[in-house]
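Just below is one structure, and these are the notes that go with it.
Order of the sequence lines sets the chain letters (A, B, ...), proteins ahead of strands, with each chain counted from 1.
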Amino acid sequence: MARREYRLVFKNIDVRGYTRDIACYQKHGGYEILKKGLAMGGAAIRDEVKKSQLRGRGGAGFPTGTKWSFIDPAKTTKPIYLICNADESEPGTFKDRQIIHKDPHQLVEGMILSCFANGVKLAYLYIRCEFTEGWKIMEKALDEARAAGFLGKNILKTGYDLEIYVHRGAGAYICGEETGLIESLEGKRAYPRIKPPYFPAVLGLYMCPTIVNNVETLCNVKHIVEMGGEAYAKIGRPNNTGTRLLCVSGDVVRPGYYEFPVGELTLGQLINDVCGGIRNGNRLKAVIPGGSSAKVLKAGEVYKIKEKGLDGKMSDKEVGLEDLRLDFDTLAAAGSMAGSGGVIVMDHTRDMVECLANISAFYAHESCGQCTPCREGVLWLKKILGRIAEGHGREDDPALLKEVADRIAGRTICAFGEAAAWPVQSFIAKFKAEFSARIARNGSASRHDTISLLH
Amino acid sequence: MSTALEVGTENCAGPETGEITPALEKQATELIARYPVSARSAVMPLLHLWQETFGYIGPRGVEWIAKKLSLQEIQVLELVTFYPWFRQRPYGKFHFRVCRTLPCALGGAGKTFAALQKLMGLKPGAHEGAMVSADGRFSLEYSECLASCGTAPVVLCNDNFHEKVDEKKATELVGGCS
Ligand SMILES: Cc1cc2nc3c(=O)[nH]c(=O)nc-3n(C[C@H](O)[C@H](O)[C@H](O)COP(=O)(O)O)c2cc1C
Ligand code: SF4
Ligand code: FES
């Protein structure tokens, strides 16, 4: 049974005849919400965002209203900056690309509203440089908005000035981490900053208060201003409000991007109803639910989850993998995370050793190299996994992998350390037999399809 | 102020010896103006500009950018060596990047890469990064997730993005390079 999507952020995406120029956007009500927002005033917008309980869509799920409340535009003497994180590089995630390519003005309007709400006069859109076309699209959209008087000096005669510029990355995943991103925008290597301060809101770009938000988060701000925070909070579930863009890749019949109220779908419904089930008539083996940094979930697993009932009481529930709700709290309770919304599905023919070797090769390539546990440890993980996959594994390699991963997580400057350790810890814990079996049948025979997964 | 940029087209072949035109100077000035607080922020945009104009970033580019922004040359060079997109030597006229991360790998990126390698007659070289054909026509390297995992495997050829590139489509892509 196919399920109907709830398209809010994706309302105009792939709609026949919809184009990305400003004329089409305005024909569909574009920039009307900006007028509404400018009339409401910044404090009122901030209030609505708080009421909406919107949580950041970039990975950590931190409440946007709370993040914004760290800065009081009325009391700050330094300039306040806003940066849109359009680095989208978490493997499995491809939602921001759709917005940038197909509805760029929605993002521009969301950015202007968010800047206005927080007293920002200069903002940057940090876009990964691999989005070669997306970059040009955003430059054009900003030019169009400027020409129409939505950007620049004295916007719509309100006396508010704002400039937004695009800044391109240069192929490094770590630029997605917000303090690495800021360093990169300052013209340096993208070395994440030591915490505290925990938020760039305290010390961000040029050591001034800075808000960093994901593309999808900023688009949601527009819809919150449109419908009001309370109405927005009615979509989805308590503490998991609004809609979520879900990106499904891997072994399903219909991979793609979908939008649903947060938590409306279970993992099983997403895979079977929305994506048409596992392809080639195969069976489900494993799912990574929130981008490649999230811990893997194994088919057949049952999780003990505390759930708040309608009467407000907490109760323990046993929930199977396919019945897990796709929201922030449920996936965290199941020991993984909703992360960036990238759901990677693996069927029963997949070799877990190879899948993990692939993931670890990615992290080894992308470590910024600042902290020793990450720089050295992640490389070890890749090398050990490589040797197992190539048929030279040693008996105690699974234990060694776990030990190395355990020594990375929690001992690094940024959350990349966890992102690299979690896949290893979870794959080894859940598929240990597969690793041991691979090592037991060492030798040339074990290298059958690694070509597609290694390098 | 208009910020329209004419460049932005991948040009991987070099040579870096071309003329520094007034148009290029003008674009650099426009880019620097985007960072009223700190000109140093313009290092990456200028590196992109240089690479797109001259194909790669050699000592001449590093020097030009450092001078423009009143930086030490090392402050420019350390970015060239940190960010994988920047290169210090020419690649082929047609530069292919094949996504290798998990979703694309599950979709057969390894086969696509092998097919492209064969079609271009490339052997793994001594250098890190891309393999370049002897005649300078083609180059090939792996890339990390290109944010289109639902249409795996994906390939970037210069500026052009291609989805679901199986071995057949890879053959067509290489055949279409002229
Ligand atoms: C290693 C690493 C990579 C990240 N990559 C991205 C990314 O590509 N895009 C993104 O929006 N956030 C990314 N984040 C999260 C950001 O640090 C930051 O939390 C986010 O942009 C905040 O926006 P939000 O509150 O709207 O979610 C990453 C975090 C880490 C630790
Ligand atoms: S954890 Fe890794 S990526 Fe993060 S700062 Fe340390 S070395 Fe860099
Ligand atoms: S894994 Fe290839 S585009 Fe994401």
Side-chain angles (χ1 to χ4, degrees), chain A residues 79 88-94 96-97 122 128-133 135-136 139-140 142-143 146 165 167-173 184-190 205-206 247-251 255-257 288 292 342 344 346 350 354-355 358-359 361-362 365-366 368 450-455, chain B residues 1-5 8-10 31 34-45 47-48 69 71 75-76 78-86 97 99-114 142-153 156 158-161:
Chain A
E88 185 156 74
S89 10
E90 177 76 18
T93 318
F94 46 99
D96 301 342
R97 169 193 279 277
L122 179 60
R128 58 178 307 184
C129 69
E130 293 87 340
F131 284 175
T132 45
E133 197 190 346
W135 163 52
K136 290 170 200 163
E139 293 275 6
K140 179 155 176 276
L142 289 169
D143 278 346
R146 206 171 283 121
Y165 295 116
H167 183 94
R168 299 162 73 198
Y173 166 69
S184 177
L185 186 47
E186 290 185 356
K188 302 173 200 155
R189 287 184 164 196
L205 184 64
Y206 309 131
C247 315
V248 190
S249 61
D251 299 320
Y257 42 86
I288 301 174
S292 75
I344 308 171
M346 286 154 277
R350 298 299 182 178
E354 288 175 12
C355 289
N358 178 289
I359 292 173
F362 168 76
H365 187 266
E366 296 299 330
C368 86
T450 50
I451 179 76
S452 65
L453 291 165
L454 292 179
H455 291 283
Chain B
M1 186 190 71
S2 167
T3 47
L5 294 175
T9 305
E10 265 279 71
L31 285 170
R34 292 177 167 202
Y35 307 95
V37 183
S38 164
R40 185 173 180 181
S41 285
V43 185
M44 279 167 78
L47 285 166
H48 279 297
L69 302 175
L71 296 172
Q75 292 174 308
V76 178
E78 69 174 356
L79 299 205
V80 179
T81 54
F82 181 84
Y83 293 99
W85 190 265
F86 298 132
R97 293 179 172 92
C99 175
R100 61 156 286 280
T101 20
L102 187 59
C104 278
L106 293 172
K111 287 201 186 97
T112 302
F113 189 90
Y142 272 116
S143 148
E144 311 305 321
C145 178
L146 290 170
S148 187
C149 328
T151 52
L156 205 51
N158 294 354
D159 277 351
N160 299 313
F161 177 70

Which heavy atom of Gly107(B) sits nearest a heavy atom of Ala152(B), and at what distance? CA-CB, 4.4 Å
Where does Leu142(A) contact chain B at under 4.5 Å (heavy atoms): side chain, backbone, both or neither? neither
Let's test your reading of the structure: which of Ala170(A), Cys368(A), Gly187(A), Gly250(A) forms the most heavy-atom pairs below 4.5 Å with chain B? Ala170(A)
What option among Ser38(B), Cys149(B), Gly150(B), Pro36(B) has the most heavy-atom pairs under 4.5 Å with chain A? Cys149(B)
So which part of Tyr206(A) gets closer than 4.5 Å to some heavy atom of chain B, the side chain, the backbone, both or neither? side chain
Inter-residue atom distance Asp159(B).CG - Lys136(A).NZ, 0.5 Å rounding: 4.0 Å
Can you list everything that forms a salt bridge (Lys or Arg N to Asp or Glu O under 4.0 Å) with Arg97(A)? Sequence neighbours excluded, please. none
Heavy-atom distances under 4.5 Å only: say whether Tyr35(B) touches chain A with side chain, backbone, both or neither. both
Pair Leu69(B), Val76(B) - check side-chain contact (heavy atoms from CB on, under 4.5 Å), show working. CA-CA 10 Å; Leu69(B) 302 175; Val76(B) 178; 5.9 Å; no
Considering only heavy atoms, which portion of Thr93(A) lies under 4.5 Å from any heavy atom of chain B: side chain, backbone, both, or neither? backbone
Are Arg128(A) and Trp85(B) in a cation-pi contact, defined as NZ or CZ under 6.0 Å from the six-membered ring centre and within 45° of the axis? no
Heavy-atom pairs under 4.5 Å with chain A, option from Met44(B), Glu144(B), Gln75(B) with the top count: Glu144(B)
What distance do Cys99(B) atom SG and Leu146(B) atom CG have between them, rounded to the nearest 0.5 Å? 5.0 Å
Could you label the plane-to-plane angle of the Phe113(B) and Tyr142(B) rings as parallel, tilted or perpendicular, counting under 30° as parallel and over 60° as perpendicular? parallel
Are Pro103(B) and Phe94(A) close enough that some pair of their side-chain heavy atoms sits under 4.5 Å apart? no
If you count heavy-atom pairs under 4.5 Å between each of Glu133(A), His167(A), Glu88(A), Glu366(A) and chain B, which one has the most? His167(A)
Whatever's closer than 4.5 Å to a heavy atom in chain B on Leu205(A) counts as neither
Answer whether the closest heavy-atom distance between the side chains of Tyr165(A) and Leu122(A) falls below 4.5 Å. yes
Report which part of Leu185(A) has an atom under 4.5 Å of a heavy atom belonging to chain B: side chain, backbone, both, or neither. both
Given that the side chain runs from C-beta out, which part of Phe131(A) has a heavy atom under 4.5 Å from chain B: side chain, backbone, both or neither? side chain
Atom group of Leu156(B) that falls short of 4.5 Å from chain A, counting heavy atoms: side chain
In terms of heavy-atom proximity below 4.5 Å to chain B, should Lys140(A) be classed as side chain, backbone, both, or neither? neither
